Structure formats: C-alpha cells, structure tokens
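Structure first, commentary second.
When a residue number appears, it is its place in the shown sequence, counting from 1. Nothing here was measured: the structure is a model prediction, and the numbers come from that model. Order of listing sets the numbers, starting from 1, for every ligand and every atom in it.
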Amino acid sequence: MFNKFKPDQYYRDIFAIDLGLLKEEGIKGIICDIDNTIVPWSEDSVVKEVIDWFEEIKGQGFKICLLSNGKDKRVNYFSKELSLPAVGLAIKPAKKAFRLAQAKLGLAKEEIVVVGDQIFTDIFGGNRMGFKTILVDPLSEKEFFMTRLMRKLEGLVYKRREQDE
Ligand SMILES: [Mg+2]
C-alpha cells in the first residue's frame with residue numbers, strides 16, 4: 001500500500017532528470033504536472049529554459065502530455081505556449097484523467113513516466129496506473145526559481161572558463 005506513495009526516481013528539478021536512463025528503461029512518454037513542477041504556483045508564464053527543455057526532450061523522441069488539476073483556461077494557456085497536448089481539471093490522483101493523458105500519448109503503461117511535485121496526486125496517481133513516477137521538489141517552496149536557474153547558468157559559464165584557461 002505505502003509503496004504506491006514512493007516515486008521510482010527523485011530529482012531536485014526537471015532539468016536534472018536523466019533522459020538517458022529513462023530511455024534505457026523503455027520510457028517513451030512523459031505525463032508532466034504543471035503547477036510547481038514546470039511553473040511556480042504564482043506564475044502565469046513559462047521561462048525560456050522550460051520551453052527549451054521540452055524542445056530538447058521532444059527532439060530526443062519522447063512524447064509529452066501535460067496533466068493538471070488546474071483550471072482549463074490556465075492549462076490551455078500552457079498547452080499552447082509549449083505546443084503540447086494537455087488535460088486539465090484532472091482531479092489527480094483519480095484515474096480517469098491519467099487514462100485520457102495515456103490515450104493522448106498512445107503508449108503502453110510500461111512506456112510512461114509521470115513527473116510531478118506532489119506525492120498524493122502525481123506519484124500516487126501515477127503508481128496506481130502502473131506508470132513509472134518521478135518526484136521533483138516544488139518550485140515555489142524553493143528559493144526563487146530564476147535565482148536558481150541563473151546560478152546554474154553561471155556555474156556552466158564558470159566551468160567553461162576554467163576549461164578554456
Ligand atoms: Mg504540482
């Protein structure tokens with residue numbers, strides 16, 4: 001019973017997810033939460049880094065569907081912004097919306113991973129469907145998202161410089 005509340009993998013944020021490992025595990029599709037997973041709860045736009053990340057995983061051949069308990073208007077906005085199919089008003093962990101998302105991906109349950117920040121909606125919901133699950137830290141509870149992102153970018157720049165010198 002309690003195993004259903006345990007994610008298969010944990011990462012601090014979406015950018016840290018090991019896509020190579022997912023491929024090795026036979027994962028072909030990602031059902032991705034919106035609020036606090038790709039966008040802080042209080043924000044209503046996506047940062048370029050998130051758009052780029054989805055482009056990257058699409059480029060690697062993964063199919064993606066957004067799945068959110070949020071209102072249709074907000075969910076449709078992100079669907080359009082990211083050019084991704086989406087299911088809103090999901091009432092996760094209810095199975096119905098997960099099934100809808102699976103149908104949009106057109107994949108078997110073994111080929112799907114759910115990515116989200118909440119144990120009781122994303123992880124429990126995904127596990128009981130037989131999907132793989134990845135937990136990430138909620139964005140709003142961390143230091144401000146952009147600050148972290150900038151630090152990460154700064155880190156990359158410094159590393160490059162060190163290599164150049
Ligand atoms: Mg969430």
> When Ile, Leu, Val, Met, Phe, Trp and Tyr are grouped by side-chain heavy atoms lying under 4.5 Å apart, directly or through other members, which residues fall in the same group as L89?
Replying inline: none
> Which protein N, O or S atoms sit under 2.8 Å from the Mg ion (ligand 1)?
Replying inline: D33 OD2, D35 O, D117 OD1
> Has K58 got more than 12 heavy atoms of other residues, nucleotides or ligands less than 6.0 Å from its NZ?
Replying inline: yes
> For the residue pair T133 and P7, what are the closest heavy atoms and their distance?
Replying inline: OG1-CA, 3.3 Å
> Can a donor-acceptor pair be found between the side chains of Q9 and E25 at a distance below 3.5 Å?
Replying inline: yes
> Looking only at side chains, do Y11 and D137 share a donor and an acceptor under 3.5 Å apart?
Replying inline: no
> Any link between F15 and V46 through a network of hydrophobic side chains (Ile, Leu, Val, Met, Phe, Trp, Tyr) touching at under 4.5 Å?
Replying inline: yes
